[in-house]
Trainee: 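Structure below; questions to follow.
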Amino acid sequence: VINNNVRIINNQNIYKNVTIYVSNNESVDLNVGAFVGVNNGYITNGGVGNEEHTITVNAIGEIGGFVAKNNNKIAASKVINITIYNNAKTKYAGGFVAENNQNASIITSFVEGIRENRDEINDNIKDGGIYANSYVGGFVTINSGYIKDSYSNILITTNKRSAGFVYNNSNGYIETCYSASSSQNSSQSFRGFVGNNEENVTLDSYGIKNCYFLGDSNVDASEDNYSEHANQITDLTKPEFLEGFIYDNSSSTIWNFNLKSLPKLYDADKVITSERKLLDEISLNKDVDLYEYIYINNNIDSINNPYIVSSSEQFVEVLTNSNNLYSYYYNNQIFKTNINYSYINIVKDLDLSTIIDANNNILNSQTEVQKLQDIIFAGHLNGNGMELQNITIVAKNNTNYTSFGLFKQIGVDTIYTSTGSLVNSNLDEDNCSVIKNLNLTINNISATITKSVGSLSGEVINSKLYNIFIQGDENVVVTGAN
């Protein structure tokens with residue numbers, strides 16, 4: 001798609017037979033990815049290959065089935081039906097990414113070899129894969145960043161050492177991932193999840209949590225001279241055996257389980273049809289660029305066609321652009337407030353201290369964020385591992401809110417009509433409110449006369465909150481009357 005991504009790539013896929021061949025000398029610094037060479041920006045819902053089409057990469061250099069070097073964020077992306085040939089002796093090949101560098105992250109993504117040839121018992125793939133003369137990781141070769149909710153299922157053939165998921169994780173962290181990758185060679189140089197060096201030292205500083213690899217007779221995780229920090233398991237199809245894996249058999253899930261196949265990732269497999277066209281681009285300063293988009297398809301705001309949010313202004317606009325009214329009972333009175341049922345995908349880190357409107361006016365960020373306190377969010381918001389930064393929320397004019405946080409409330413319980421009649425809201429697994437894969441950095445939250453105060457919201461009803469991470473420095477205080 002592009003050699004060096006420094007901006008945003010969303011909902012782009014390569015769905016045809018592709019062969020990438022580069023003839024070069026190993027002394028040349030070459031980064032080859034079937035999707036992007038070097039990622040310095042944001043990639044979400046990207047795909048390489050599908051059931052009908054294969055991808056082949058043949059080069060001498062750093063090779064990744066998706067990206068060669070990742071320096072920022074990748075989410076909900078996949079590589080299917082790929083074969084990689086790397087004849088370099090000193091450069092790495094990774095099934096998904098060769099190098100995931102410091103402060104970079106990969107979540108909800110996977111790589112698979114040629115899908116047609118699977119083991120009838122274990123469902124792991126036995127064709128295509130990685131052929132190399134250097135170190136190999138089935139998902140990532142060198143990880144100095146963060147990987148979560150991802151998997152590899154690819155065949156590895158190399159003359160050097162290799163591992164099913166990450167070869168070297170000495171400076172990285174991996175959480176709730178699995179490997180079904182295997183090696184064509186039965187030597188002890190292949191390890192099920194993370195690799196070891198020539199001295200049999202595990203290349204991991206205990207940066208692995210709730211991770212698993214499919215057991216194989218060629219891999220002995222209990223070997224005296226080698227300690228595998230992931231868990232060896234003979235059956236990956238039963239969720240009760242995989243600690244920390246989030247699944248609920250609905251459209252809000254992280255993982256999907258089927259007793260006849262290995263676990264799948266819902267967001268990476270989902271086909272997103274939202275499509276935007278760039279209308280205008282304005283560089284305000286060296287750190288801030290403003291982009292104006294228009295949606296090409298009209299059927300926006302559904303589970304497969306969500307709003308795409310890549311700026312703080314879009315975030316506030318989409319959430320407050322609602323004419324739906326929700327009636328609720330409080331202090332013996334019926335009140336009405338706006339409720340938002342939208343489907344939203346965030347595809348970039350958002351700084352809520354800087355909000356710029358379509359006319360290039362810098363808005364009062366505190367006033368803009370305060371608008372969210374009048375909103376009940378009852379839709380689906382997928383943060384894709386992005387971060388809402390510099391969140392400052394202060395109550396308006398000492399208003400006594402029923403609850404307070406970034407949102408007034410998340411989800412609904414019972415609905416009252418304007419005359420006080422009770423309406424039951426029977427929400428099933430697919431229709432409740434969802435917020436997932438979202439990071440928040442808090443500067444200040446204050447509503448001194450409100451009893452229910454939280455960073456995300458003071459009250460959560462009939463909702464699912466998955467993979468929400470909240471952080472702030474040691475001086476951050478969340479203030480309420482409770």
Trainee: Who are the salt bridge (Lys or Arg N to Asp or Glu O under 4.0 Å) partners of Lys209, not counting sequence neighbours?
Mentor: none
Trainee: By the side-chain hydrogen bond (donor to acceptor under 3.5 Å, both in side chains) test, which pairs, at least two apart or in different chains, include something from residues 83-92?
Mentor: Glu26-Thr90
Trainee: Mind checking what makes side-chain contact (heavy atoms from CB on, under 4.5 Å) contact with Thr54, not counting sequence neighbours?
Mentor: Asn17, Asn81, Ile114
Trainee: Verify whether the ring centers belonging to His229 and Tyr206 lie closer than 6.0 Å.
Mentor: yes
Trainee: What orientation do Phe407 and Phe315 show, parallel under 30°, tilted 30 to 60°, or perpendicular over 60°?
Mentor: tilted
Trainee: Tell me the closest heavy-atom pair linking Ala88 and Ser134, and the distance in Å.
Mentor: O-CB, 3.6 Å
Trainee: Restricting to side-chain contact (heavy atoms from CB on, under 4.5 Å), what partner residues turn up for Ile246, sequence neighbours left out?
Mentor: Ile254, Tyr466, Asn467
Trainee: How would you list, by chain and number, every residue that makes a salt bridge (Lys or Arg N to Asp or Glu O under 4.0 Å) with Asp235, sequence neighbours excluded?
Mentor: Lys238
Trainee: Please list, chain by chain and in numerical order, all residues satisfying salt bridge (Lys or Arg N to Asp or Glu O under 4.0 Å) with Glu387, sequence neighbours excluded.
Mentor: none
Trainee: List for me each residue that meets salt bridge (Lys or Arg N to Asp or Glu O under 4.0 Å) alongside Glu317, sequence neighbours excluded, and say none if there are none.
Mentor: none
Trainee: According to ring pair (Phe, Tyr, Trp, His ring centres under 6.0 Å), who are the partners of Phe257, at least two apart in sequence or on a separate chain?
Mentor: Tyr247
Trainee: Residues two or more places apart in sequence or in another chain: which of them pass ring pair (Phe, Tyr, Trp, His ring centres under 6.0 Å) with Tyr167?
Mentor: Tyr135
Trainee: Side chains of Ile468 and Ile435, heavy atoms from C-beta outward: is any pair under 4.5 Å?
Mentor: yes
Trainee: Any idea which heavy atoms bring Ser310 and Leu350 closest together, and the distance?
Mentor: C-CD2, 3.6 Å
Trainee: Provide the closest heavy-atom pair for Phe190 versus Ser183 in the form atom of the first, atom of the second, distance.
Mentor: CG-CB, 3.4 Å
Trainee: Could you pull out all residues at least two apart from Lys73 that satisfy side-chain hydrogen bond (donor to acceptor under 3.5 Å, both in side chains)?
Mentor: Asp349
Trainee: With sequence neighbours left out, what residues match Asn101 under side-chain contact (heavy atoms from CB on, under 4.5 Å)?
Mentor: Lys69, Asn71, Glu99
Trainee: Under the ring pair (Phe, Tyr, Trp, His ring centres under 6.0 Å) test, which residues partner Tyr173, sequence neighbours left out?
Mentor: none
